[in-house]
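Note that these values count all heavy atoms, side chains included, but never hydrogens, waters or copies made by symmetry. In this text, all values refer to a predicted model and were calculated from it rather than measured experimentally. Numbering of ligands and ligand atoms starts at 1, following listing order.
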Amino acid sequence: MPTTPLTHALPSYLDPAHVGPWGIYLQQIDRVTPYLGPLARWVETLKRPKRILVVDVPIELDNGTIAHFEGYRVQHNTSRGPGKGGVRFHQDVTLSEVMALSAWMSIKNAAVNVPYGGAKGGVRVDPRTLSRGELERLTRRYTSEIGILIGPTKDIPAPDVNTNGQIMAWMMDTYSMNVGATATGVVTGKPVDLGGSLGRIEATGRGVFTVGVEAARLTGLPVEGARVAVQGFGNVGGTAGRLFAEAGAKVVAVQDHTGSIHHAGGLDVPAVLAYVKEHGGVGGFPGAEAITADDFWGVPCDILIPAALEGQITEHNAGRIQARMVIEGANGPTTPKADDILADKGVLVLPDVIANAGGVTVSYFEWVQDFSSFFWSEDEINERLVRIMKGAFGAIWQVAQEHKVSLRTATFIVACQRILHAREMRGLYP
Ligand code: GLU
């Protein structure tokens, strides 16, 4: 008689042959496992999300018809604290993507040692097709549906792709209405007048800049005069580009969903930012040469900052990249194959799980301020942010030197050890 295995290797939705973001995350875990020592006993814990919630989000459109959208909230791990991670609204969001993004939040939060697990949410919708009223109804219904999982001590959403302070305000209000009391700590990235933190909007870009400058110092690359190319000129890429320009670097190319622009002498960054604000993207910006989306990757530069979506640097374009350093402002922009190509070329990759951790670090400050109802000055916030980012990056740099591994694997070593150590100390229930 064939025997039935006690447990299946993986739940059905975690097909190990899976490609895409979740498959990439699993490969990253496989790469780190040999460095985990006895903690490797617990590594399976990281290969399955703790909880997955898929919700139907019906709303009435302005024209009177009813539309249904698919929403998700995934809590990947809560060994070190409540779930924490953003919510994205995008037409291409999938469960597999949200699972990967939630797992990267677990790694990121452990890498900077903030007391959170990892979570992420999303709605499969192109928000640009919705009116403001429709967007509000979608946000409120989604928040209500995931209300069984979120809460100030359970799981704390925040902005991500296509979500912002206004959406966080609606989320906070909806949750508060449902529980019968204003609960500012349920989301971070709120407007400052509603318990938000100074410095939160710029925090991710500031963190990207901070680790970039640190890595430049450690590798002897002068920031002054360095040529920088940025993909995505929104909250993250726009802020990082501006801070690099203010430090004397030249932003020579920018790409977003509306086009790609190049100016070897350096773009006028404040003018590009103003243009993006008015036109919704860099496409058509006067005072720069328009280049093809493909040619953007081959632009001569020293620092490349992918700050848009995942899966942008692949085996097809990695060979063309001329930068000495890639700073991942986006989550998951580089595939493992591209990572190997860049490593062979001697390009230093500062991985997302540390490079873009500035956002969640200031989210943590916001959450602490909300709990204590005592708010800090912007200088204090930026100073603490830089201290945490520099400290975390320095420790990861040491681990990379010690084990002769990439900074991505080193970040995973530091983070997975923290998560699995917490897991081991807590023990299995029952
Ligand atoms: N969405 C941001 C990220 O990917 C911030 C998450 C947060 O602040 O919770 O890191």
Side-chain angles (χ1 to χ4, degrees), residues 21 25 72-78 80-90 93 97-123 146 149-165 167-168 171-172 184-191 195-197 199-208 210-211 232 234-237 239-240 306-310 327-333 350-370 381 385 388-389 392 411 415:
Y25 164 74
Y72 315 94
R73 185 74 187 171
V74 178
Q75 294 175 351
H76 172 260
N77 187 279
T78 57
R80 301 180 63 257
K84 182 86 191 82
V87 167
R88 69 171 55 178
F89 289 172
H90 196 277
V93 167
E97 181 188 16
V98 177
M99 281 162 39
L101 291 164
S102 71
W104 286 325
M105 287 309 305
S106 299
I107 303 295
K108 191 187 303 186
N109 292 335
V112 284
N113 212 3
V114 291
Y116 292 133
K120 200 86 175 197
V123 180
I146 65 164
L149 287 192
I150 62 172
T153 59
K154 291 163 71 180
D155 180 1
I156 306 107
D160 197 75
V161 174
N162 292 336
T163 55
N164 56 24
I167 288 172
M168 294 307 114
M171 289 188 76
M172 188 276 272
T184 52
V186 68
V187 292
T188 58
K190 299 177 296 292
S197 178
R200 174 61 186 87
I201 293 177
E202 292 194 343
T204 311
R206 191 172 291 279
V208 164
T210 303
V211 294
N235 185 33
V236 180
T239 302
L309 292 169
E310 54 271 14
I327 318 176
E328 296 185 337
N331 289 308
L350 313 189
D352 49 4
V353 279
I354 180 66
N356 72 28
V360 75
T361 300
V362 177
S363 275
Y364 166 58
F365 299 161
E366 177 173 337
W367 184 74
V368 169
Q369 292 171 85
D370 285 340
I381 284 156
L385 168 65
I388 288 184
M389 295 295 293
T411 310

**Q** Do Glu310 and Lys120 sit within salt-bridge range, that is, some charged N less than 4.0 Å from a carboxylate O?
**A** no
**Q** Between Glu366 and ligand 1, which residue portion shows a heavy-atom distance shorter than 4.0 Å: side chain, backbone, both, or neither?
**A** neither
**Q** Answer whether the closest heavy-atom distance between the side chains of Val87 and Arg73 falls below 4.5 Å.
**A** yes
**Q** Which option, Gly118, Gly329, Ser363, owns the non-hydrogen atom nearest atom 8 (O) of ligand 1?
**A** Ser363
**Q** Of the non-hydrogen atoms in Arg80 and Asn113, which two are nearest, and what is the gap between them?
**A** NH2-OD1, 2.7 Å
**Q** Heavy-atom distances under 4.0 Å are what count here, so tell me which part of Arg200 touches ligand 1: side chain, backbone, both or neither.
**A** side chain
**Q** For atom 7 (C) of ligand 1, what's the nearest protein heavy atom and its distance?
**A** Ala158 CB, 3.3 Å
**Q** Taking only heavy atoms of Met105 into account, list the atoms of ligand 1 that are under 4.0 Å away from them.
**A** 3 (C), 4 (O), 6 (C), 10 (O)
**Q** Given Met172, which of Val187, Thr188, Ile167 fulfils the side-chain contact (heavy atoms from CB on, under 4.5 Å) condition?
**A** Val187
**Q** Locate the shortest heavy-atom distance separating Ile156 from Gly185; write the atom from each residue and the value.
**A** CG2-O, 3.6 Å
**Q** For ligand 1, is any non-hydrogen atom under 4.0 Å from Leu101's backbone (N, CA, C, O), its side chain (CB onward), both, or neither?
**A** neither
**Q** State, without any angle test, whether Arg200 and Ser363 hold a side-chain donor-acceptor pair at a distance under 3.5 Å.
**A** yes
**Q** How many angstroms lie between atom OG1 of Thr184 and atom CG of Asp370, to the nearest 0.5 angstrom?
**A** 3.5 Å
**Q** Which protein heavy atom lies closest to atom 3 (C) of ligand 1, and at what distance to 0.1 Å?
**A** Lys108 NZ, 3.3 Å
**Q** Please compare Pro159, Gly359, Gly83, Gly85 and report which has the shortest non-hydrogen distance to atom 2 (C) of ligand 1.
**A** Pro159
**Q** Can you pull out the closest protein heavy atom to atom 9 (O) of ligand 1? Residue, atom name and distance to 0.1 Å, please.
**A** Lys84 NZ, 2.7 Å
